[in-house]
2 protein chains.
Amino acid sequence: MSISKERILEYKKNFGLRVRELRESKGFSQLDLASEINVEKTSISRIENGRTNVTLVTAVKLANALGVELKNLFEF
Amino acid sequence: MSISKERILEYKKNFGLRVRELRESKGFSQLDLASEINVEKTSISRIENGRTNVTLVTAVKLANALGVELKNLFEF
DNA sequence: AATAAAGATGACATATATGTTTACCCCAAA
DNA sequence: TTTGGGGTAAACATATATGTCATCTTTATT
């Protein structure tokens, strides 16, 4: 048995909340963060709201811009 | 400035190596792991060889099957 | 009220993760 | 020497992350 869709959705949401938490703690707007890593502000909004299944590469960029270790983005 | 392509490639490779390391420590074949989480053995091979940009959902499934916390997959 | 910044969201395009199938290379056991 | 398991990989299909652009709401500021 694999993981339920509900559980998966929770992971997406928690990841998004973690990003938002770190972004706000740095005093960045979504646009600031987006510009920092050359992604669209639309993407940041989608990610923070748990609407996307982020990729490793995007997570690496986010961690870099937020000044944390990659693994910290997955601590929730 | 964002992260270089070389750096990104390293992350993909390291993630793959981490998966391989954990899989082998559990005595699983790629097929065992693939079956466990309902993905293709081809995908496992691609991931372990750093040829794909894995998604959060796939990482969650892998962590689950490998019996580790999600963040442990990103410790390298 | 008027303006602007911040965020959310829809629609469509493009790139690519993963599914699926097939085939190949090793290597160990018969 | 075959046979089968483990791994790699090519080729194509499908699903979706992200880009791009537009619009809308909310909130703060003037």
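Just so it is clear: chains get the letters A, B, ... in the order the sequence lines come, proteins before strands, and each one is counted from 1. None of these values were measured; they are calculated from a predicted model.
For the helix from C/dA1-D/dT30 to C/dA30-D/dT1, the axis fitted to the five pairs at one end and the axis fitted to the five pairs at the other end meet at an angle of 30° (nearest 10 degrees).
If you take NZ on B/Lys71 and CD on A/Glu75, they are separated by 4.5 Å, rounding to the nearest 0.5 Å. Put simply, CD on B/Glu24 and CG on B/Leu33 are 11.0 Å apart, with the number rounded to the nearest 0.5 Å. In this structure, CD1 in B/Ile37 is found 7.5 Å from CG in B/Leu66, a value given to the nearest 0.5 Å. For the atom pair CG (A/Leu73) and OG1 (A/Thr58), the distance works out to 11.0 Å, reported to the nearest 0.5 Å.
Atom-to-atom, CG of B/Asn38 to C1' of C/dT20 comes out at 14 Å; the value is rounded to the nearest Å. Between A/Asn49 atom CG and C/dG10 atom P there is a gap of 11 Å when expressed in whole angstrom units.
Under a 4.0 Å N-O distance rule, the pair B/Arg23/B/Glu48 qualifies as a salt bridge. A salt bridge between B/Glu21 and B/Arg18 is present, with a side-chain N of the basic residue lying under 4.0 Å from a carboxylate O of the acidic one.
No donor-acceptor contact under 3.5 Å links the side chain of A/Arg46 to the base of C/dG7.
Within the 4.5 Å cutoff, the side chain of B/Asn49 has heavy atoms near those of the B/Arg20 side chain. A heavy-atom distance below 4.5 Å is found between the side chains of B/Ile44 and B/Leu62. Residues A/Leu56 and B/Leu56 form no side-chain contact, since every pair of their non-hydrogen atoms from C-beta on lies 4.5 Å or further apart. In this structure, B/Val60 and A/Ile8 have side chains that are in contact, with non-hydrogen atoms separated by less than 4.5 Å. Residues A/Lys12 and B/Val57 are in side-chain contact: their nearest non-hydrogen atoms beyond the backbone lie under 4.5 Å apart.
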Base-contact (B) and sugar-phosphate-only (S) positions in nucleotides 22-30 of chain C, heavy-atom cut-off under 4.0 Å, - elsewhere:
---------

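With 3.5 Å as the limit, one finds no donor-acceptor pair spanning the side chains of A/Ser45 and A/Thr42.
Note on ring orientation: taking the six-membered ring where Trp is involved, the planes of A/Phe76 and A/Tyr11 are perpendicular (angle over 60°, cut-offs 30° and 60°).
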Audit row: B/Leu9, B/Glu6, side-chain contact (heavy atoms from CB on, under 4.5 Å) steps and yes/no:
CA-CA 5 Å; B/Leu9 187 53; B/Glu6 293 72 27; 5.7 Å; no

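For residues 17-32 of chain A, proximity to DNA chain C is found at A/Arg20, A/Arg23, A/Ser29, A/Gln30, defined as any non-hydrogen atom under 4.0 angstrom from a strand atom. Taking a 4.0 Å limit (strictly below) on heavy-atom distances, residues 52-61 of chain A reaches DNA chain D at A/Thr52, A/Asn53, A/Val54, A/Thr55, A/Thr58.
Within the structure, a side-chain polar atom (N or O) of A/Arg51 is placed less than 4.0 Å from OP1 or OP2 of C/dT9.
Where DNA chain D meets chain B (any atom under 4.0 Å from a heavy atom), the bounding nucleotides read 5' to 3' are D/dG7 to D/dA11.
Residues satisfying the side chain to side chain donor-acceptor pair (under 3.5 Å) test with B/Asp32, not counting sequence neighbours, are B/Ser29.
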